[in-house]
Amino acid sequence: MKQRLALVDCNNFFCSCERIFAPSLSGKPVVVLSNNDGCIISRSEEAKALGIPMGAPRHEQEGVIQKHGVKVFSSNYTLYGDMSARVMAILRESALETEVYSIDEAFLKLPGEFGEAEARALRAKVLRWTGIPVCIGMAGTKMLAKLANREAKKRRVETGGVFDLDACEDLEELMERVSCDGLWGVGKRLALRLAGLGIRTAAEFRWADSRQIRKSLGVVGERMWWEMNGVSCLPWEEIPPDRKGVMASRSFGTPLEKLEEVEEALAHHVARASEKLRRFGLRASRIDVFLQTNRFRAGEAQYCPAAGLNLDEPTASTSELMGQARELLHEIYRKGYRYQKTGVSLTGLVRAEAVQGCLDLDGVRKAKREVDAIVDRINQRLGDRKNPVITRGSMGSKHSPQRWRMKSGQRSPAYTTSWRDLPVAVLGGGSRRV
DNA sequence: TCTGGGGTCCTAGGACCC
DNA sequence: TCTGGGGTCCTAGGACCC
């Protein structure tokens, strides 16, 4: 039986959340701002209609905001997280399995009988119970479900916010209408590269030679090609894997020049990041610190240094990390610049409980050296350099697709296209945690 | 004329997503 | 004057090892 997926996506999520608590704003233009109130990161339909672009600096839109009385909110992530959890809980009731993809999106594995009527009912239920409007796209793969969702959103009035690609009668016509940069995972750069191959629409992408796509866009591109052709090869992650890193950074309201001031900001970031670490039960084995001047000031001297350090022991201790962060900052700080931003990034995360019994890497290396020495001795005694009796090897490496490709001059098979286990990676990354 | 080759670990940078 | 913050994955290349 063919797999059926849905992508459920909340409409203008942050704005929709704000509106729940201010019903008088229904039908009025609303925007939500980024952390420092710097950029517009969510717009209601009415705000979009006024031509306010996504990600625009607030100050550039001040005129429109004033003129049309656009209601402006600072972001409130506690609220959004809470609303998200409510929506997800409802979705779980209808799905066989659920993968929460981001704060406002989830993939659903659908039961066989789930069609457009059921999707409409689900949509109505979410709206009735949470006040959040959603759109639902259905198809056989994640990429296609994304595309279906886009269609549902774009033609909301006509589709009722629900679109089933498998039930679409003029699929080819639809694919011809969608340009490549509208595909999930194809950004500006890749679209440009595709255009260079004469591939401009989803239809052309689907019909393209997969080898050509592979050559030009790599394994990521080939995965997209399969997905677009109905072959699912992105992983299903019902349980989100542990984070690989945490970061804390902020822009300053006004540029800072003194080391002590930057230090203070950085200390705050280290505290936030290490707190996060502890909350997840993780410890970091590497810390990176960075500084940035104002990149928008073309006339000013720019300086964007960074420094990092691998820690001896994984830690989540604020004070330990703080000490290291300060030293790193001193390494990179230079007088005479106007700094606009600083931040810290903690990576190489391991589970706190695993730290105790963690693999003794040095021990393993030592053991390997010992074995190698034995192998050498045997070879010296029994063979010669050119024809060793025993050869050293390491598991799998010889057969890693990368190496294999170099040797054979061929592509590796589609499903083992990367030296990492495939299919593993998610398209183009993405912030996936709520 | 050839100049070892297989392997690990790490970092930086590119691309994309929400 | 103001110009977000937090993620993921892939690839290339250097250092090092035997």
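So that the names make sense, note that chain A is the first sequence line, chain B the second, and so on, each numbered from 1. No hydrogens, no waters, no symmetry mates; every other heavy atom, side chains included, goes into these values.
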Which is true for [X] with a 4.0 Å heavy-atom rule: it touches a base, it touches only sugar-phosphate, or it touches nothing?
| X | result |
| --- | --- |
| A:Arg58 | nothing |
| A:Gly55 | nothing |
| A:Glu62 | nothing |
| A:Ala248 | sugar-phosphate |
| A:Thr254 | nothing |

Look at the side-chain N and O atoms of [X] and state whether any lies under 4.0 Å from the OP1 or OP2 oxygen of [N].
| X | N | value |
| --- | --- | --- |
| A:Lys244 | C:dC9 | yes |
| A:Arg214 | C:dC10 | no |
| A:Lys276 | C:dG5 | no |
| A:Arg295 | C:dG4 | yes |
| A:Arg338 | C:dT1 | no |
| A:Lys146 | B:dC18 | yes |
| A:Ser251 | C:dG5 | yes |

To the side chain of [X], which of [options] is closest?
| X | options | value |
| --- | --- | --- |
| A:Arg286 | C:dG5, B:dA12, C:dG6 | B:dA12 |
| A:Gln340 | C:dT3, B:dC18, C:dG4 | C:dT3 |
| A:Asn36 | C:dT11, C:dG5, B:dT11 | C:dG5 |
| A:Lys341 | B:dC18, C:dG5, C:dC2 | C:dG5 |
| A:Asn310 | B:dT11, C:dT3, C:dG5 | B:dT11 |
| A:Arg297 | C:dG5, B:dC16, C:dC2 | C:dC2 |
| A:Arg243 | B:dA15, C:dG7, C:dG6 | C:dG7 |
| A:Cys39 | C:dG4, C:dG7, C:dG6 | C:dG4 |
| A:Arg223 | C:dC10, C:dC2, C:dG4 | C:dC10 |
| A:Val219 | C:dC2, B:dC16, C:dT11 | C:dT11 |

Q: May I ask you to test the A:Glu264-A:Lys258 pair for a side-chain heavy-atom distance under 4.5 Å?
A: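 Result no, sub-4.5 Å side-chain heavy-atom pair not found.
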Q) Quantified in whole Å, what is the P atom distance between nucleotide C:dC17 and nucleotide B:dT3? A)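 After rounding to an integer number of Å, I get 24 Å for this pair.
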Q. On a whole-Å scale, what distance lies between the P atoms belonging to B:dC2 and C:dC18?
A.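 One P to the other, the span is 30 Å.
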Q | A:Trp184 side chain to A:Ala145 backbone, donor-acceptor under 3.5 Å | A |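 No, because the side chain of A:Trp184 does not come within donor-acceptor range (under 3.5 Å) of the backbone of A:Ala145.
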Gap between atoms [atom1] and [atom2], on [X] and [N] respectively (whole Å):
| X | N | atom1 | atom2 | result |
| --- | --- | --- | --- | --- |
| A:Arg272 | C:dG6 | CZ | C1' | 10 Å |
| A:Tyr101 | C:dG7 | OH | P | 14 Å |
| A:Ile41 | B:dC17 | CD1 | P | 17 Å |
| A:Lys188 | B:dC17 | NZ | P | 11 Å |
| A:Glu60 | C:dT1 | CD | P | 14 Å |
| A:Glu300 | C:dT1 | CD | C1' | 12 Å |
| A:Lys142 | C:dT8 | NZ | P | 15 Å |
| A:Arg189 | B:dG14 | CZ | C1' | 8 Å |

Q: Sort by first number and list every stem of DNA chain B: at least 3 consecutive Watson-Crick or G-U wobble pairs, both distances under 3.5 Å.
A: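 Output for stems: B:5-18 with C:5-18.
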Q) Which pair of non-hydrogen atoms, one from A:Ser44 and one from A:Pro29, has the smallest distance, and what is that distance? A)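 Answer, listing the atom of A:Ser44 first, then A:Pro29: OG-CA, 3.5 Å.
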Q) What do you reckon, are the aromatic ring centroids of A:Tyr333 and A:Tyr303 less than 6.0 Å apart? A)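 Centroid separation for A:Tyr333 and A:Tyr303: 6.0 Å or greater.
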Q) Looking just at side-chain N and O atoms, do A:Glu320 and A:Gln324 make a donor-acceptor pair shorter than 3.5 Å? A)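 Looking only at side-chain atoms, A:Gln324 and A:Glu320 do not form any donor-acceptor pair under 3.5 Å.
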Q.
Checking side-chain polar atoms at under 3.5 Å, does A:Glu18 have a donor or acceptor matched by the opposite partner on A:Tyr80?
A.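 Yes.
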Exceeds 12 heavy-atom contacts within 6.0 angstrom, atom [atom1] of [X]:
| X | atom1 | result |
| --- | --- | --- |
| A:Lys154 | NZ | yes |
| A:Arg189 | CZ | no |
| A:Trp207 | CH2 | no |
| A:His330 | NE2 | yes |
| A:Asp209 | CG | yes |

Q: Using the six-membered ring of A:Phe73, assess whether NZ or CZ of A:Lys71 lies under 6.0 Å from its centre and within 45 degrees of the ring axis.
A: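 Yes; both conditions hold, so A:Lys71 lies above the ring face of A:Phe73.
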Q) Taking for each residue the nucleotide of DNA chain C with the nearest heavy atom, is it A:Tyr77 or A:Gly245 whose nucleotide lies nearer the 5' end? A)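 Counting from the 5' end, the first nearest nucleotide belongs to A:Tyr77.
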Q.
I need the residues from residues 190-205 of chain A with at least one non-hydrogen atom less than 4.0 Å from DNA chain C; give them sorted by number, or say none.
A.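 Hits under 4.0 Å, by residue number: none.
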